[in-house]
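Here is the structure we will look at, set down as structure tokens.
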Amino acid sequence: MIILDGKAYAAELRAELKEKIDKLERKPGLAVIIVGEDPASRVYVRNKIKACEALGIRSYAYELPYDSTQKDVEDLLDSLGDNKDVDGVLLQLPLPKHLDSESAAKHIPVEKDVDGFSAQNLGLLMQHKENVVACTPAGVMKILEKAGIELTGKHAVVLGRSETVGKPMAMLLLNANATVTICHSKTRNLKEICRSADILVSAVGKVKFVTEDMVKDGAVVIDVGINRDENGKLCGDVDFEGVKDKTSYITPVPGGVGPMTVTMLMYNTYLSVCKE
Ligand code: NAP
């Protein structure tokens with residue numbers, strides 16, 4: 001069993017990226033917008049800003065109060081769309097419940113969509129003409145690539161079908177010639193399906209959701225989940241201790257997919273300047 005070290009892969013990628021950014025005459029600029037006080041979101045935003053600083057990406061943080069209106073958020077996004085210093089715009093989710101994130105996201109111009117969530121970027125992924133790809137699934141693909149894991153003809157099972165993780169993840173695996181099954185909360189025979197997976201990617205958001213009896217001997221297990229266990233400790237969806245010895249490769253949480261997600265955001269921001 002090999003533990004896939006997302007932190008080490010991310011460090012390698014960031015070093016490569018820094019070299020590329022150092023060579024750019026005009027450094028990329030990323031605007032990050034956060035609305036409200038959600039503590040987890042604040043940590044994510046801080047990490048993104050820190051990653052920008054380390055790579056020479058200019059960053060602009062916009063902190064809006066919890067009681068901001070839809071118009072406040074959309075006006076800011078419109079102004080960033082017109083701002084020539086800003087190449088990428090990231091709206092940190094989730095937004096407070098009274099706000100409509102789908103409507104707000106439409107105010108981010110496609111060329112500044114560093115999250116890859118726009119209909120155009122998702123459509124291109126669907127057509128196997130990947131442009132900017134959602135950071136977490138893109139990070140998973142980089143981990144698989146760096147570890148030299150062959151995907152062609154393999155059965156990949158993706159747990160979760162969110163627009164931001166599960167669906168783009170499944171599409172990337174399909175584009176890489178895996179045979180893909182997507183599971184969700186209405187799936188029947190979930191354990192059986194998981195047990196037939198050569199590659200099992202879990203993006204459900206539930207502690208110890210993937211247990212030893214759901215994993216085939218020698219499977220590759222990628223844990224996208226970020227949860228807190230009963231002691232408040234950070235953990236994924238996979239019962240890591242129970243599952244690890246059955247796998248050929250497994251990602252830990254923390255230190256697996258998470259560091260790659262931020263790195264892919266930096267990569268997408270770099271790309272937004274290269275396309276000018
Ligand atoms: P989400 O939007 O809540 O989606 C969860 C998915 O899990 C849904 O498709 C849901 O099915 C499915 N699901 C729920 N219960 C299930 C069950 N009993 N059996 C099978 N499927 C079930 O979450 P998300 O945004 O995709 O995120 C998933 C996890 O990844 C979370 O823990 C999140 O924090 C984490 N995450 C990590 C990173 C990272 O950088 N590592 C980035 C993003 C997200 P339905 O569609 O039927 O409801």
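Counting begins at 1 with the first residue of the sequence. All ligand and atom numbering here is 1-based and tracks the order in the structure. Hydrogens, waters and symmetry mates are skipped; everything else that's a heavy atom, side chains included, is used.
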Polar side-chain atom of [X] near backbone of [Y] as donor-acceptor pair, under 3.5 Å:
{"X": "K7", "Y": "P259", "answer": "no"}
{"X": "D113", "Y": "V110", "answer": "no"}
{"X": "K246", "Y": "E212", "answer": "yes"}
{"X": "N83", "Y": "D85", "answer": "yes"}
{"X": "Q70", "Y": "D100", "answer": "yes"}

Return the closest protein heavy atom for [atom] as residue, atom name and distance.
{"atom": "atom 42 (C) of ligand 1", "answer": "T136 OG1, 3.0 Å"}
{"atom": "atom 44 (C) of ligand 1", "answer": "V165 CG2, 4.0 Å"}
{"atom": "atom 8 (C) of ligand 1", "answer": "R161 N, 4.0 Å"}
{"atom": "atom 21 (N) of ligand 1", "answer": "H184 C, 3.1 Å"}
{"atom": "atom 33 (C) of ligand 1", "answer": "I226 N, 4.1 Å"}
{"atom": "atom 31 (C) of ligand 1", "answer": "G205 CA, 3.7 Å"}
{"atom": "atom 12 (C) of ligand 1", "answer": "G160 CA, 4.1 Å"}

Please could you name the atoms of ligand 1 that [X] approaches to less than 4.0 Å, counting only its heavy atoms?
{"X": "T261", "result": "39 (C), 40 (O)"}
{"X": "V224", "result": "30 (O), 35 (C), 36 (N), 37 (C), 38 (C), 41 (N)"}
{"X": "F209", "result": "17 (C), 18 (N), 19 (N), 20 (C)"}

Original post:
At a non-hydrogen distance cut-off of under 4.0 Å, which region of V204 contacts ligand 1 (side chain, backbone, both, or neither)?
Top reply: both
**OP:** Would you check whether L190 has a nitrogen or oxygen atom less than 3.5 angstrom from a nitrogen or oxygen atom of ligand 1?
**Re:** no
Subject >> K206 N/O under 3.5 Å from ligand 1 N/O >> reply: yes
Subject >> Among G225, G166, S162, A203, closest by any non-hydrogen atom to atom 6 (C) of ligand 1 >> reply: A203
**OP:** May I ask which of A40, G236, S185, G256 has a heavy atom nearer to atom 10 (C) of ligand 1 than the others do?
**Re:** S185
Subject >> Contact list for residues 41-77, test ring pair (Phe, Tyr, Trp, His ring centres under 6.0 Å), sequence neighbours left out >> reply: Y66-H98
Original post:
Would you say N227 touches ligand 1, if touching means a heavy atom closer than 4.0 Å?
Top reply: yes
Subject >> contact_flag M260 ligand 1 heavy-atom lt 4.0 Å >> reply: no
Subject >> Residue pair T263 / L17: nearest heavy atoms and the distance that separates them >> reply: O-CD2, 4.2 Å
**OP:** Would you name the heavy atoms of P252 and F240 that are closest together and state the gap between them?
**Re:** CA-CE1, 3.9 Å
Original post:
Tell me, which pairs form a side chain to side chain donor-acceptor pair (under 3.5 Å) where one or both residues lie in residues 247-256, sequence neighbours left out?
Top reply: none
Subject >> Pair N227, D237: side-chain N/O donor-acceptor within cut-off below 3.5 Å >> reply: yes
Subject >> side chain to side chain donor-acceptor pair (under 3.5 Å) between T69 and D72, worked out >> reply: CA-CA 5 Å; T69 64; D72 293 335; 3.1 Å; yes
